[in-house]
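Reading through the structure tokens given below for one structure.
One-based numbering along the sequence shown.
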Amino acid sequence: MTAEQKPALWLLSIAFFCTYILWGTTYIAIVIGLKTFPPFIMATVRFSFAAIVLFLICASLGENLWMPGIYKNLLLGIVIITGGQGLLFWSEQYISSGYAAILVSTLPFWYVLIDKKNWGIYFNNKLILTGLILGFLGIFLLFKRNIGGSVHNSLAEILGMVAVLGACICWAAGTLYYKNNSNNSSLFLNLAWQLVGGFLSSLLISLLSGEFRGFSFGSVSLDSWLATLYLAIVGSLLAFIAFNWLLTVKPAAIVGTYAYINPVIAVLLGWVIANETITVTQIAGMFIILFSAFLVNSPKYLSLLRKSAGK
């Protein structure tokens with residue numbers, strides 16, 4: 001990229017702010033939305049609103065909305081959007097937003113474990129192996145807090161934590177597939193159809209699970225409506241688009257550092273806004289997981305430093 005092609009500093013600053021800070025605030029927004037919204041109905045509202053906005057943008061740019069491979073994006077939407085986000089919504093009924101964010105920071109581990117074609121590289125690297133071992137030690141510490149307590153509360157919280165890890169696996173698997181099977185359509189159009197897949201599957205789950213029984217949109221509080229709108233605009237539009245744009249202008253190793261900031265933002269906001277407790281075990285688990293995620297990504301950082309030094 002030449003000097004003339006480099007994006008403006010103010011634009012980079014806004015994009016990093018969206019991924020570092022705003023993405024971290026979405027965890028507490030989920031908590032607020034869940035006060036009067038069932039999880040998958042809230043997900044349905046969020047994804048449908050974001051999809052409509054993206055389709056309007058694509059139409060205004062003159063894109064053909066009936067792109068090739070729509071069904072692939074719909075299936076990806078089920079995995080990435082409903083699996084990766086809907087499960088997170090469901091989990092925050094039982095665990096704190098900070099806890100959920102810490103578990104989401106394990107995403108680098110799942111990318112390594114799922115990316116089978118690169119196992120030969122990953123599992124021959126001592127830093128990556130150490131990071132994986134430490135990461136799962138951190139997860140064990142978080143689960144350990146729930147073992148031996150009230151049977152009902154512990155089971156609910158453990159299921160919530162398992163749901164978050166399941167969401168991470170869905171997100172990693174879906175994004176790896178998307179990366180290796182990209183098409184010529186725009187980012188906006190691909191994401192719009194993925195959101196449709198997420199909207200339809202979330203709606204189906206909400207119907208099958210009985211979330212609509214006794215539910216009325218009129219009973220949803222203004223705070224929950226605003227939180228859901230915030231999630232649609234900030235989470236599904238601004239932050240996600242900023243993240244993908246940054247990947248086109250900055251090394252992935254640099255962009256990926258958002259994973260170390262989001263959990264800290266989520267834990268602090270959960271403590272300040274929702275009065276979520278921060279235990280010593282939680283803090284220890286968070287730092288172990290964040291450090292292990294850094295180790296897993298360290299070969300990318302070292303490679304980036306070598307390239308910079310060679311210029």
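- Nearest approach of S97 to V31, heavy atoms of both residues: CB-CG2, 3.7 Å.
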For a side chain to side chain contact (heavy atoms under 4.5 Å, CB included) check, start with the C-alpha distance between Y258 and F16, then their side-chain angles and the critical distance, and finish with the verdict. CA-CA 8 Å; Y258 82 93; F16 273 112; over 6 Å; no
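- Between atom OH of residue Y111 and atom CG of residue N297 there is a gap of 10.5 Å, rounded to the nearest 0.5 Å.
- Each of V104, I102, V267, I265 was evaluated against Y27; a single residue qualifies, V104, per the side-chain contact (heavy atoms from CB on, under 4.5 Å) test.
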Check against side chain to side chain contact (heavy atoms under 4.5 Å, CB included), W193 and V196: CA-CA 5 Å; W193 280 111; V196 171; 4.1 Å; yes
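- Using a 4.5 Å heavy-atom cutoff, the side chains of C170 and Q85 are not in contact.
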Start with the C-alpha gap between S221 and S224, add the side-chain angles, then the distance that decides, and say whether side chain to side chain donor-acceptor pair (under 3.5 Å) holds. CA-CA 5 Å; S221 68; S224 290; 3.3 Å; yes
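- For the pair Y99 and E157, the minimum side-chain heavy-atom distance is 4.5 Å or more.
- Taking 4.5 Å as the limit, some side-chain heavy atom of K72 sits within range of a side-chain heavy atom of Y177.
- Side-chain contact check for L203 versus F212: some heavy-atom pair is nearer than 4.5 Å.
- The aromatic rings of F294 and F291 lie parallel to each other, their planes meeting at an angle below 30°, with 60° marking the opposite boundary.
- Across all non-hydrogen atoms, the minimal contact from N190 to S185 is ND2-O, 3.3 Å.
- By the rule that hydrophobic residues join a cluster once side-chain heavy atoms approach within less than 4.5 Å of another member, L12 and W10 end up as members of one cluster.
- Separating the CG atom in L189 from the CD1 atom in I57 is a distance of 11.5 Å, to the nearest 0.5 Å.
- Criterion: ILVMFWY side-chain heavy atoms under 4.5 Å apart, direct or through other members. Under it, I52 and M42 are not part of a common hydrophobic cluster.
- For F123, the CZ atom counts as densely surrounded, since its 6.0 Å shell holds more than 12 non-hydrogen atoms of other residues, nucleotides or ligands.
- Side-chain contact between L295 and I128: absent, with no pair of heavy atoms (C-beta onward) separated by less than 4.5 Å.
- Separating the OH atom in Y122 from the NZ atom in K116 is a distance of 14.5 Å, to the nearest 0.5 Å.
- A ring-centre distance under 6.0 Å is found for W110 and F136.
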Residues S201, L204; criterion side chain to side chain contact (heavy atoms under 4.5 Å, CB included); working and verdict: CA-CA 5 Å; S201 51; L204 180 61; 5.5 Å; no
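- Around CZ of F217, the count of heavy atoms belonging to other residues, nucleotides or ligands within 6.0 Å exceeds 12.
- Closest non-hydrogen pair, A15 versus A242, comes out as O-CB, 3.8 Å.
- Put simply, the side chain of S202 never gets that close to the backbone of F40: no donor and acceptor are under 3.5 Å apart.
- Between L187 and T248 there is no side-chain heavy-atom pair separated by less than 4.5 Å.
- L290 and Y260 get closest at one heavy-atom pair: O-CE2, 3.8 Å.
- The number of heavy atoms from other shown groups lying within 6.0 Å of CH2 (W245) is above 12.
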Evaluate the criterion side chain to side chain contact (heavy atoms under 4.5 Å, CB included) for residue pair L54 and I241; output intermediate values, then yes/no. CA-CA 11 Å; L54 284 178; I241 291 171; 4.1 Å; yes
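- Residue W119 comes nearest to V112 through the heavy atom pair NE1-O, 3.1 Å, listed as atom of the first residue, atom of the second, then distance.
- Taken from OG1 in T44 to CG in L207, the straight-line distance is 8.0 Å, to the nearest 0.5 Å.
- When all heavy atoms of I114 and A172 are compared, the pair lying nearest together is CD1-CB, 3.9 Å.
- The main-chain N or O of S96 is never found under 3.5 Å from a side-chain atom of E276 such that the two would form a donor-acceptor pair.
- Annotation for N184: atom CG does not count as buried by contact number, only 12 or fewer foreign heavy atoms lying within 6.0 Å.
- Placement of Y230 and I32 in two distinct hydrophobic clusters is found when ILVMFWY residues are connected by side-chain heavy-atom separations under 4.5 Å, directly or transitively.
- Here the straight-line distance linking atom CG of L107 with atom CD1 of I169 works out to 10.0 Å at 0.5 Å rounding.
- Transitive grouping of hydrophobic side chains (ILVMFWY, heavy atoms separated by less than 4.5 Å) brings W66 and L61 into a common cluster.
- Distance alone, capped at 3.5 Å, places no donor-acceptor pair between the D223 side chain and the G33 backbone.
- Distance check, rounded to the nearest 0.5 Å: CG of L159 to CH2 of W90 gives 5.0 Å.
- Hydrophobic clustering keeps L208 apart from F37 (ILVMFWY residues linked when any side-chain heavy atoms are closer than 4.5 Å, directly or through intermediates).
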